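Report on one structure; see the data block that follows.
What you see below is based on every heavy atom in this structure, not just the backbone, and it leaves out hydrogens, waters and symmetry mates. Computed from a predicted model, the values in this text were never measured in an experiment. Each chain gets a letter, A, B and so on, in the order its sequence line appears, and its residues count up from 1.
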2 protein chains.
Amino acid sequence: MTGYELTQFFESAAKWVWTAPQSQIYPLLRQMEKNGLIAGEVQLRGEKLKRTSYSLTEEGLAELRRWIAEPQPEPPTRDALLLQVLFADLVEPEECEAVLRNHIAEQRVKIRLWREHEARLLAGDTPLLRERLAHRDPKDHQRIGALKAHVFSELVRAAEQRVAWAEEAIGILHGG
Amino acid sequence: MTGYELTQFFESAAKWVWTAPQSQIYPLLRQMEKNGLIAGEVQLRGEKLKRTSYSLTEEGLAELRRWIAEPQPEPPTRDALLLQVLFADLVEPEECEAVLRNHIAEQRVKIRLWREHEARLLAGDTPLLRERLAHRDPKDHQRIGALKAHVFSELVRAAEQRVAWAEEAIGILHGG
DNA sequence: TACGTCATGTAAGCTGTTACATGATTTC
DNA sequence: GAAATCATGTAACAGCTTACATGACGTA
């Protein structure tokens with residue numbers, strides 16, 4: 001991919017699992033190339049406009065595989081909503097309820113998007129998945145698509161759990 | 001609290017909802033005092049050792065209330081485990097399974113700790129909760145404790161959901 | 001020719017992490 | 001007298017965010 005394509009990718013489906021701001025991408029690409037993880041190939045669009053398309057080197061693929069197979073440290077927790085509910089007794093119940101309802105609405109929007117993406121993965125219908133499957137034994141296609149879809153099903157279920165929890169919290173707020 | 005007490009607090013129960021490294025605490029306390037949110041009172045322990053105990057000013061309490069009642073922006077998602085499973089087809093199923101089992105074990109440890117803390121909150125049995133309740137109408141005690149316990153029940157349920165998901169993922173890995 | 005998209009960059013500033021550093025007091 | 005705990009700091013660095021900046025190409 002080029003830096004531009006990566007930027008768009010991180011602003012679309014990918015941001016649900018990992019995000020990177022545009023300003024990080026170009027410096028990082030250069031750094032990774034310097035470290036031999038990726039190799040850039042300069043292409044021409046028109047007469048003056050150059051674009052550099054990067055692909056993984058063998059070393060980069062090996063490093064990626066190492067990363068995938070290695071347990072990653074869990075990031076420190078910083079959950080603003082839980083903190084707000086912990087201190088809910090300092091404000092009016094209605095104020096806390098408004099915050100929770102806002103959160104519920106946000107989760108519902110995400111749930112809809114994730115469900116759509118999950119369905120597309122199960123149908124083998126996203127461009128990146130199709131490219132990935134092209135190099136793989138057809139008998140593995142179902143399994144690979146199912147695993148990727150399973151990732152999005154976790155996002156959906158976690159958000160649904162959160163919505164249910166927030167609704168219960170509203171009940172407790174009002175002395176339920 | 002003093003900076004030392006805050007440090008310990010963030011290294012114990014509080015870190016489950018919010019963490020702050022020790023190196024941040026003393027500079028932040030000075031900054032917050034400068035901004036009028038907290039006021040420090042210097043105490044003497046022995047002859048030479050001074051400790052500064054901070055408490056919220058009225059302005060600080062107002063600012064805290066404002067923060068609690070205001071929807072906080074959701075942080076960008078960066079979930080290493082989901083990313084590892086998304087790319088699981090690049091490694092052997094057993095390698096991915098090991099990562100998932102490691103995650104399951106970590107979650108189970110946390111679940112146990114959170115359950116204990118939840119029970120203590122429901123029984124009104126933590127020092128901070130008792131201090132908080134002391135200034136409140138006894139008829140609210142039950143509700144306040146229940147809300148705080150509900151926060152920890154969300155942590156527990158989210159982790160349990162995650163464990164169940166990881167077990168399903170292992171099944172899919174092996175062609176289930 | 002104007003607007004949208006393609007494509008790549010830089011700079012300032014904030015937050016957070018890791019690590020190091022120091023000295024007083026209490027306890028065994 | 002040694003070790004644990006109390007108590008407070010600092011420095012270097014990594015990572016991320018926000019914002020700004022520039023120019024080429026396609027198309028209506």
Y26(B) atom OH is separated from dG9(D) atom P, nearest whole Å, by 7 Å
Should the pair E74(B)-K110(A) be classified as a salt bridge under the 4.0 Å nitrogen-to-oxygen rule?
yes
Legend entry - More than 12 heavy atoms from other groups under 6.0 Å of CD on E167(A): yes
E11(A) CD to dC6(C) C1', in whole Å, measures 13 Å
Rounded to whole Å, OH of Y54(B) lies from P of dA7(D) at a distance of 13 Å
Scoring nucleotides 16-28 of chain C by protein non-hydrogen atoms under 4.0 Å (B base, S sugar-phosphate only, - none) yields BBBB----SSS--
When rounded to whole Å, the CZ to C1' distance for the pair R30(A) and dA7(C) reads 13 Å
Among the nucleotides dT10(D), dT8(C), dC6(D), whichever has the atom closest to the side chain of Q8(B) is dC6(D)
Here the distance between atom C1' of dT8(D) and atom CG of L6(B), to the nearest Å, is 13 Å
Here the distance between atom C1' of dG23(D) and atom CZ of R51(A), to the nearest Å, is 16 Å
For this session: Measure up the H117(A) and W16(A) rings against each other and bin them: parallel (under 30°), tilted (30 to 60°), perpendicular (over 60°).
Result: perpendicular
In whole angstroms, the gap separating P of dA7(C) from CD of E5(A) amounts to 7 Å
Can the positive tip of K15(A) be found less than 6.0 Å from the middle of the six-membered ring of F9(A), inside 45° of the ring normal? no
message: With a 4.0 Å limit, can you tell me whether Y4(A) has a side-chain N or O closer than that to the phosphate oxygens OP1/OP2 of dT8(C)?
response: no
Q43(B) CD to dA7(D) P, in whole Å, measures 9 Å
Exercise for the section: Give a yes or no on whether Q142(A) atom CD has more than 12 heavy-atom contacts from other residues, nucleotides or ligands under 6.0 Å away. Expected result: no
task: Take atom CD of E94(A) as the centre, draw a 6.0 Å sphere, and report whether it contains more than 12 heavy atoms from other residues, nucleotides or ligands.
output: yes
